[in-house]
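To keep things clear, I will list the structure first and then write my remarks on it.
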There are 2 protein chains.
Amino acid sequence: MVHLDDIDKKLVALLQDDCKQTTKALSLKLNLSVTAVYERIKKLEKSGVIDKYVALVKKEAIDKSFVAFCHIKLVQHTQEYVMKFEQEVAKLNEVMSCYHISGDYDYLLQVVVEDMEAFREFMVNKLTSINHIGSTHSMFVINEVKHTTAIKV
Amino acid sequence: MVHLDDIDKKLVALLQDDCKQTTKALSLKLNLSVTAVYERIKKLEKSGVIDKYVALVKKEAIDKSFVAFCHIKLVQHTQEYVMKFEQEVAKLNEVMSCYHISGDYDYLLQVVVEDMEAFREFMVNKLTSINHIGSTHSMFVINEVKHTTAIKV
DNA sequence: TTTAAATATAGATTATTATTCTGTTTTAAT
DNA sequence: ATTAAAACAGAATAATAATCTATATTTAAA
């Protein structure tokens, strides 16, 4: 576990909001020299604090505004069934995330598609065609109140 | 809604995986000139397909490995209660996302903290101190099978 | 404490990349 | 076929990243 001082934390917050800003711009916000900021960034990358730099796409702009959460229960929990299910579900483009969770159901999936029809299509032809699924329970997103990729460090 | 051809789609996929690669590197992968790639990227930014460029932080590296999903039911659904709740919950750093959903509960939250103790602290001192919350139901993440920010375009 | 080593910083220099510019080619509509 | 618009390539310029050298600061040991 690496130690981050207050400047590092501020820097990580800035990069989580906009990773394309120049080191010059960052240096002004942090009251540091360009080199100092540069070295700190390299250290954050090397130490694995910063995992990757990505472009975020606006769902609405590409007509993928329908978001659903999907609970899934497996018929059995043998090593083989679990592995197979996890492998298959990870392949599906519509599945943004899949978590093995505690509680009544085994898994929670976040699914992003075009509309309800696309979701139906996804359920029938992709998800439930995976073997070993016992039951599912879907919840549809009415409104996205908050959604961020930025973790407070 | 903007129209994206196959090259645009490939480009968006590349940027969703790594937005720091040079236009030169992208041009080689897309068999285009640097300028052509550059213009396409600018168009994707202007049209809103690309929302922002961010650094993604590895939870494990900053000791925030505990993830929970939290169902919440409000006591009432008056305009005032709903607004107030959504405002307050959006302020909480531990809440990565909050969705208003269909089904038995009103909201689904994704919460990221240090450990179970931090989660308890969060529930007691932050979440349930928001007024108008009726009941909650928490599910803990045992394993993150899949998690991506990249939408297939 | 005092000193040595390691680390962090700043400013200047160089290398790389982004951006702009100009002209050409392709595409689409008339 | 003709024209206008869009997309493209290559060259030139501007901006930024990355490196280098030298100080300053912190850290750890004596």
Side-chain angles (χ1 to χ4, degrees), chain A residues 1-64 148-153, chain B residues 1-64 114 149-153:
Chain A
M1 196 75 43
V2 296
H3 177 258
L4 304 179
D5 66 16
D6 288 347
I7 298 176
D8 286 322
K9 289 176 182 177
K10 182 89 183 292
L11 176 54
V12 170
L14 288 168
L15 291 173
Q16 281 189 112
D17 180 58
D18 176 11
C19 70
K20 281 284 183 87
Q21 52 192 321
T22 63
T23 49
K24 172 78 180 172
L26 292 166
S27 73
L28 292 172
K29 291 173 187 172
L30 298 169
N31 287 104
L32 275 182
S33 72
V34 168
T35 309
V37 172
Y38 180 82
E39 296 294 346
R40 278 171 182 269
I41 293 174
K42 290 300 147 192
K43 189 175 289 182
L44 290 168
E45 292 168 354
K46 297 255 173 60
S47 64
V49 171
I50 293 178
D51 187 28
K52 60 193 310 203
Y53 297 100
V54 303
L56 297 182
V57 166
K58 199 176 287 169
K59 290 193 295 288
E60 294 73 23
I62 56 163
D63 194 28
K64 291 271 178 82
T148 181
T149 55
I151 306 174
K152 180 74 182 304
V153 293
Chain B
M1 196 74 45
V2 295
H3 177 259
L4 304 179
D5 66 17
D6 289 346
I7 298 175
D8 286 322
K9 289 177 182 178
K10 183 86 183 294
L11 177 54
V12 171
L14 288 167
L15 292 173
Q16 282 189 112
D17 180 57
D18 177 11
C19 71
K20 280 286 183 85
Q21 52 193 320
T22 63
T23 48
K24 172 77 180 172
L26 292 166
S27 72
L28 292 172
K29 291 173 187 171
L30 298 169
N31 287 104
L32 274 181
S33 71
V34 168
T35 308
V37 172
Y38 179 83
E39 297 292 348
R40 278 172 182 267
I41 292 174
K42 289 301 147 192
K43 190 176 286 183
L44 290 168
E45 292 169 355
K46 297 255 172 60
S47 64
V49 171
I50 292 177
D51 187 28
K52 60 194 309 203
Y53 298 100
V54 302
L56 297 182
V57 166
K58 199 175 285 167
K59 290 194 296 287
E60 294 74 23
I62 56 163
D63 194 27
K64 292 272 179 81
E114 212 173 320
T149 55
I151 306 173
K152 180 74 185 301
V153 292

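Heavy-atom basis, side chains included; hydrogens, waters and symmetry copies ignored. Lettering of chains follows the sequences in order, A, B, ..., and the numbering in each one begins at 1.
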Checking [X] now: which residues fulfil side chain to side chain donor-acceptor pair (under 3.5 Å) with it, not counting sequence neighbours?
X: B/Lys43; result: none
X: A/Glu45; result: A/Lys42, A/Tyr53
X: A/Lys9; result: none
X: B/Lys52; result: A/Asp17

**B/Lys24, NZ: over 12 other non-hydrogen atoms inside 6.0 angstrom** =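 Not more than 12 within 6.0 Å, no.
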
**Prompt:** What residues form a side chain to side chain contact (heavy atoms under 4.5 Å, CB included) with B/Ala13, not counting sequence neighbours?
**Reply:** none

**Item:** Which residues share a side chain to side chain contact (heavy atoms under 4.5 Å, CB included) with A/Thr149, sequence neighbours left out
**Value:** A/Leu56, B/Val54, B/Leu56, B/Thr149

**Fill in**
Protein heavy-atom contacts under 4.0 Å, written 5' to 3' over nucleotides 6-19 of chain C as B (base), S (sugar-phosphate only) or - (none), form the string --SSBBB----SSB

**Message:** Whether the side chain of A/Lys64 engages the backbone of B/Lys152 through a donor-acceptor N/O pair (distance < 3.5 Å, no angle test) should be reported.
**Reply:**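 At least one qualifying donor-acceptor pair exists.
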
**Prompt:** Does B/Gln16 reach the main-chain N or O of B/Ile151 with its side chain, forming a donor-acceptor pair under 3.5 Å?
**Reply:**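 Yes; judged by distance alone, with no hydrogens or angles, the pair exists.
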
**Item:** All salt bridge (charged side-chain N to carboxylate O under 4.0 Å, His left out) counterparts of A/Asp6, not counting sequence neighbours
**Value:**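 Scan of A/Asp6 (salt bridge (charged side-chain N to carboxylate O under 4.0 Å, His left out), adjacent residues dropped) gives none.
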
**Residue list, salt bridge (charged side-chain N to carboxylate O under 4.0 Å, His left out) with A/Lys59, at least two apart or on another chain** = A/Glu144

**Request:** Take the C1' atoms of the five end pairs on each side of the helix from C/dT1-D/dA30 to C/dT30-D/dA1, get both axes, and report the angle to 10 degrees.
**Result:**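 One end axis against the other gives 50°.
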
**Message:** Tell me the closest heavy-atom pair linking B/Lys10 and B/Lys29, and the distance in Å.
**Reply:**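 Looks like NZ-O, 3.7 Å.
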
**Complete:** Students should find that the nucleotides of DNA chain D closing off the region near chain A, any atom under 4.0 angstrom from a heavy atom, are D/dT16 to D/dC20

**Request:** For DNA chain C, determine which residues of residues 50-57 of chain A have any heavy atom closer than 4.0 angstrom to one of its atoms, and list them numerically.
**Result:** none

